[in-house]
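Below you'll find the structure, written out as structure tokens, and then a few comments.
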Amino acid sequence: MRIENRPVLTTGNKSINQKMAAAAGCSSSGSGEKNVTNKKSKFWEYFKLQDNKTVVCELCEMEMSYRNRINAMKKHLDRSHPEASYEVEKASNKQKSLEDCDQMKNKNTSCTPEETAALTQSILSMIIKDMRPLAIVEGEGFKEMLTTFNQGYTLPSRCHFTSLMGEKFETSVQKLQNKLKAVKSKISLTIDAWTNMVTQAYLGVTCHFIDEKWNLVSCNLATLQVDERHTAENIASWVEKVAEKFHISLNNVLAIVHDNANNVVAALHILEEKFGVASQQCAGHMLQLVVNHAMKDPTIDTTLSAARGLVKHIKKSETASTKLKQNQQQMAKPEHNLIQDVAVRWNSSYYMVERLLEQRWLVVATLSDPEVTPCGKHDLYLKKDQWVLLRELKKVLQPYEQATVVLSGQSYFTASVLPPLLKGLLKSTQDRSFESAAVNLFQDHAEDEILSKWHPEVFQEDGKNVPLLAAALDPRFIKLKFLSQVDALKLQAKLQSVALHMKREQRALQQAVVGQEEGEASVTPPPKGRSVLDTLLGLDSEEEDRKEPPDHQDDDDALTVKKEALMYFFENPIPKDSDPLQWWRFNEARFPTLAALAKSYLAVPATSMPSERLFSVAGDIVNQKRASLAAEHVEMLTFLHYNTPEQMHNTE
């Protein structure tokens, strides 16, 4: 809006516009009186100062008192000359905008080396934490944003950030190597394979252990791209390669948790024979197989298909979804959406059934609306016996859902919980009082599957019994009530045997270290072996008998371990919601041998979820917009993102 287009106002013989122009010209004419040249406010273009006490309006020649403030002048222009007031306001805003721009230009015109380094590291941290591609630093919008924040900062190139990430990766690898080197107990691994959208295959490996302060630590070792065929030999070789990178001796790995793929199971048999590592199948996958097998009943399948179709219809129909929400609001019920299940996750079917039962009468009311269900089309309705079956199916599936949630945790140990949970699942299968024959058959099949896959009530004489030993070392389950009395005694004896073996190994290792320090390792001949015949018939002379005195240390160790185990199993169990690590932290001095063993066994995960979670991170990194991201960058970003103190669950 321009002032020339406004109506012309007159005062005497001169128009307001002419006087405004004259006032503007006068303000720059350099008169002796005080004017705009020595006053910053735009109001002085329309006022003239007289005797430092009064001012005169250049437009209407009105005189008013002046007390070093412009309030009176502003009110006069607003009241008598709104056009001039508008021009003053517009000019003031423009001047302020120019001053702000000048201030922004003059601010942070230079950036110190320390500030530059801090900003660059902050950008790198953002890329790692938010899993952004390195190409983000080449985006025009990203550059403009940084220029707005700090014009003095020069954004480094993408190659520079690639180099910085490589350095950070190498440093983090070195720190993790040192951390693993300091671990005195055995560690456990989880492995899993993943293929991205462009059929690039990766092997994920995570590591788990309990540190000296009794903190459970989980870390990512590798998201390794693998190009060769996924044969058992290759998988075993890849695991060895990852262990070698972090200076991990597979002889010091207690267990490797994996899924049930045949090639992975065969690979673990190779590692078990070569290094003695225990092959532990993922309990989550095993539960998936148990439930899937038990639900292979035509009646259950038909009912779930009907429920699936109903949910799909309502979710895809805008009219049906809107009507359901209206019914929820009218009945003051939770405004929950229905859940569609997926074939690969049985618990998604449980969640679908649970939500459908919660919203049953609202769903029925929605379907009864002619706008939602056309007349004569009633195939979406579930029959009464199907609703009964869904209600009973929810009841029998609930223990499996709760067990899956517990076993999938990562901030606490889970292998020790597996035997009691399986005992509880078996107990839940004994209920056969359901109206639906299909649900009673589900109970039969589930019981058979649990017994065939786990043998939870039987102690395996020739097995490694990792979950059972972990449960025995968990003070919550110290009474071993999940086993029969005979098997409980066998497990206690097995625990003593494993603890004694570990104690002797530690003592031999300490003696070897002392021998090397004293220079004796190279000059002391190895002990003379004794044949089976020598053992049976005895030594040839008393002199030889004196040369090989009986090892009283072994007897002392055995007695110490036995007393320690007896004391431990006489302890009262702690509540189920208590922290076992806290208990061991306070009782380590009382049970030093068992405490050392507990650090090894309690760190074993029950599932391979940790390695699967790697690919949730990797999937965010390798998405459709950056499917061509280099494999080494995928590994770096995943490693650095996962191995933060928060992600590693280390409370140090």
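All values reported here derive from a predicted model rather than from experimental measurement. Note that these values count all heavy atoms, side chains included, but never hydrogens, waters or copies made by symmetry.
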- Will you find, in the side chains of Asp341 and Ser348, an N or O donor that is under 3.5 Å from an N or O acceptor? no

- Between Thr231 and Asn234, a side-chain donor and acceptor under 3.5 Å: yes

To the nearest 0.5 angstrom, please state how far the [atom1] atom of [X] sits from the [atom2] atom of [Y].
X	Y	atom1	atom2	result
Leu189	Ile256	CG	CD1	5.0 Å
Ile210	Leu602	CD1	CG	5.0 Å
Phe209	Lys186	CZ	NZ	15.5 Å
Glu449	Trp454	CD	CH2	9.5 Å

Min side-chain heavy-atom separation [X]-[Y] under 4.5 Å:
X	Y	result
Leu422	Phe482	no
Phe161	Thr120	yes
Leu390	Leu304	yes
Leu495	Leu597	yes
Met165	Leu134	yes
Met295	Leu397	yes
His285	Thr607	no
Glu212	Lys599	yes

- Task: Please name all residues satisfying side chain to side chain contact (heavy atoms under 4.5 Å, CB included) with Thr171, sequence neighbours left out, ordered by chain then number.
- Result: Lys175

Donor-acceptor contact below 3.5 Å, side chain [X] vs main chain [Y]:
X	Y	value
Thr162	Arg158	yes
Asp211	Trp214	yes
Gln443	Ser428	yes
Gln359	Pro334	yes
Asp259	Ala261	yes
Lys453	Asp448	no
Gln582	Ser578	no
Thr404	Tyr400	yes
Ser125	Gln121	yes

Can you confirm whether [X] is buried at [atom1], in the sense that more than 12 heavy atoms of other residues, nucleotides or ligands lie under 6.0 Å from that atom?
X	atom1	answer
His336	NE2	yes
Lys168	NZ	no
Asn178	CG	yes

Would you call [X] and [Y] a salt bridge, using N to O less than 4.0 angstrom?
X	Y	answer
Asp301	Lys296	no
Arg476	Asp474	yes
Glu358	Arg355	yes
Lys245	Glu635	yes

- Which is it for His208 and Ser188 under the side chain to side chain donor-acceptor pair (under 3.5 Å) test, yes or no, and what are the steps along the way? CA-CA 5 Å; His208 309 268; Ser188 294; over 6 Å; no

- Measure centre to centre between the rings of Trp238 and His230, then say whether the value is under 6.0 Å. yes

- Query: Do Tyr568 and Trp584 make the cut of ring centroids closer than 6.0 angstrom?
  - Reply: yes

- Shortest non-hydrogen separation from Leu268 to Ser279 and the atoms involved: CB-OG, 3.5 Å

- Message: Testing the basics here: between Ala403 and Leu287, what is the closest heavy-atom pair and its distance to 0.1 Å?
- Response: CB-CD1, 4.2 Å

- Message: Go through it in stages, so that I can follow the logic: the residues are Ser608 and Thr190, the test is side chain to side chain donor-acceptor pair (under 3.5 Å), and I'd like the CA-CA distance, side-chain angles, deciding distance and then a yes or no.
- Response: CA-CA 5 Å; Ser608 59; Thr190 73; over 6 Å; no

- Message: Does Glu505 form a side chain to side chain donor-acceptor pair (under 3.5 Å) with His501? I'd like the steps, not just the answer.
- Response: CA-CA 6 Å; Glu505 277 188 338; His501 179 71; 3.2 Å; yes

- Test Gln398 against Glu354 for side chain to side chain donor-acceptor pair (under 3.5 Å), laying out the working first. CA-CA 9 Å; Gln398 190 173 25; Glu354 182 184 43; 5.5 Å; no

